[in-house]
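Indexing begins at 1, ligand by ligand and atom by atom, following the structure's order. Quick caveat: nothing in here was measured; it's all calculated off a predicted structure.
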Amino acid sequence: MAEQHYARIAAEDGPDGKGINSFLALSRERAMAQAAKIDALAAKGDALPPLAGVPVGIKDVLTMTGSPATAGSKILQGYRPPYDATAVTRLEAAGAVLLGKLNCDEFAMGSSNENSAYGVVRNPRALDRVPGGSSGGSAAAVAAGFAVATLGTDTGGSIRQPAAFCGVVGVLPTYGRVSRFGLIAFASSLDRVGPFATNVRDAATLLGVLAGKDEKDATCSDRPVGDYVGALAKPVKGLRIGVPAEYFGEGLDAEIRAAIERTLDGLRAAGCEVKPIALPHTKYAIPTYYVVATAEASANLSRFDGVRFGLRAAAGSAGAQTLTAMFRETRDQGFGAEVKRRILLGTYVLSAGYYDAYYRKAQQVRTLLTRDFLTAFAEVDAIVAPVTPTPAFKLGEKTDDPVQMYLEDICTVAASLAGICGISVPCGETKAGLPIGVQIMGRHFDEETMLRVALAIEDSSQL
Ligand code: GLN
């Protein structure tokens with residue numbers, strides 16, 4: 001299986017401007033050693049671990065020894081991490097074969113994978129379109145059949161949105177459910193690691209392997225891990241499904257609206273009670289997210305200074321005569337435009353004169369957004385909404401307008417700010433054949449209910 005997947009990658013994933021460009025590095029040696037180990041286990045007739053021999057890919061913001069870790073940035077060129085991320089360790093311990101590292105937006109900042117220093121990723125379902133971002137490589141690799149499953153990260157939508165654009169399943173676990181040890185941080189109060197797969201059952205299996213306490217990550221919860229695959233056997237009859245009007249506003253594409261309405265009909269037919277709910281602070285989610293996320297990014301990215309990791313501006317070059325000049329020159333050469341924009345914005349909202357007006361205010365609004373969800377979840381068991389306002393857009397269509405690009409995140413950032421779990425599941429396609437995803441949001445640490453609803457949707461849409 002590993003060989004077959006590598007052959008497919010070699011044939012279709014070229015970075016030549018025509019290929020999909022999802023993998024940035026292949027870890028053939030490590031993959032083949034693991035595959036041989038699993039073959040030997042199988043030959044002996046031993047019981048096999050849950051992901052035995054399953055070929056997976058890893059977003060290049062997670063560390064994996066033996067492979068580079070670039071985070072899609074030039075500033076990490078040449079960096080070789082000395083340890084494995086916990087998520088990587090757990091997949092491998094469960095038998096997975098790690099194929100390599102996947103392209104993404106630089107430091108996971110973006111919604112289209114056009115911010116990678118290593119070239120854009122193409123959407124396997126329409127090669128002239130974006131795969132979504134920032135985990136564009138992770139979603140595209142699953143959609144193209146280069147890997148059976150992949151890991152991505154979601155800070156404001158980066159698993160759910162590319163899953164929707166590429167027609168695969170993507171899970172945002174509850175904040176704290178999956179360890180982030182070995183994740184190159186973007187915004188620490190928002191970043192989460194989660195799986196992509198072609199179907200809900202596979203995604204549930206991966207989540208079960210990834211979830212749970214980790215001594216190496218103090219933000220990782222010690223709550224017991226649910227039986228996610230077992231939960232799928234429970235019918236959804238009687239579940240209360242909330243539909244927030246705020247997510248169905250003017251900007252929503254008509255075909256997406258229709259597909260979600262059909263999905264809701266399917267849930268009614270399966271015995272769910274579908275009812276309207278209010279999430280009144282939704283309109284503040286985007287500005288709140290872009291204050292909090294940029295503030296945290298400006299702090300996290302200060303460590304890339306040319307001393308500790310990767311790129312260093314050449315000593316003695318015109319711009320790097322002194323230590324401070326070396327820092328400045330390295331950061332100038334190493335970071336792309338979007339990352340610089342966010343460092344500037346984040347530094348601004350945290351500065352003495354503006355802290356109260358922007359950062360503190362954003363934190364207060366974040367609490368209101370969280371309360372909206374807690375109030376809603378007193379009355380419903382899961383919330384169903386769109387993932388994106390439009391299907392996958394054309395490469396280059398939004399790159400000149402950062403605000404238009406930020407608005408892409410309108411349906412995903414509120415769940416990120418609130419820390420609740422979410423999933424994107426395919427629920428149809430447009431007349432032009434572009435995939436449409438639907439989002440299910442669940443209570444904190446109630447991945448089971450969210451996954452049950454997701455499975456019911458998958459079953460009823462029969463894609
Ligand atoms: N598109 C959002 C951003 O650019 C979300 C990115 C993410 O979830 N990593 O910040």
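For K398 and F393, the positive end sits near the middle of the six-membered ring, less than 6.0 Å away and at most 45° from its axis. Seen from the ring of F165, R129 does not count as a face-on cation partner, given the 6.0 Å and 45° thresholds. Figure legend: R8 and F146 shown without cation-pi pairing, the cationic atom not lying both under 6.0 angstrom from the six-membered ring centre and within 45 degrees of its axis.
Residues F107 and F186 keep their aromatic ring centres 6.0 Å or farther apart.
The neighbour count for K394 NZ, taken as heavy atoms of other residues, nucleotides or ligands under 6.0 Å away, does not exceed 12.
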Ligand 1 N/O to protein N/O, distances under 3.5 Å:
| from | atom 1 | to | atom 2 | distance (Å) |
| --- | --- | --- | --- | --- |
| ligand 1 | 1 (N) | G110 | O | 3.0 |
| ligand 1 | 1 (N) | S111 | OG | 2.8 |
| ligand 1 | 1 (N) | D409 | OD1 | 3.2 |
| ligand 1 | 1 (N) | D409 | OD2 | 3.0 |
| ligand 1 | 4 (O) | G110 | N | 2.9 |
| ligand 1 | 4 (O) | Y290 | OH | 3.4 |
| ligand 1 | 4 (O) | R342 | NH1 | 3.3 |
| ligand 1 | 4 (O) | R342 | NH2 | 2.8 |
| ligand 1 | 8 (O) | T155 | N | 2.7 |
| ligand 1 | 8 (O) | G156 | N | 2.6 |
| ligand 1 | 8 (O) | G157 | N | 3.3 |
| ligand 1 | 8 (O) | S158 | N | 3.0 |
| ligand 1 | 8 (O) | S158 | OG | 2.6 |
| ligand 1 | 9 (N) | A108 | O | 2.7 |
| ligand 1 | 9 (N) | S134 | OG | 3.4 |
| ligand 1 | 9 (N) | T155 | OG1 | 3.4 |
| ligand 1 | 9 (N) | S158 | OG | 2.7 |
| ligand 1 | 10 (O) | Y289 | OH | 2.7 |
| ligand 1 | 10 (O) | R342 | NH1 | 2.8 |

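Between E429 and R125 there is a salt bridge, since a side-chain N of the basic residue sits under 4.0 Å from a carboxylate O of the acidic one.
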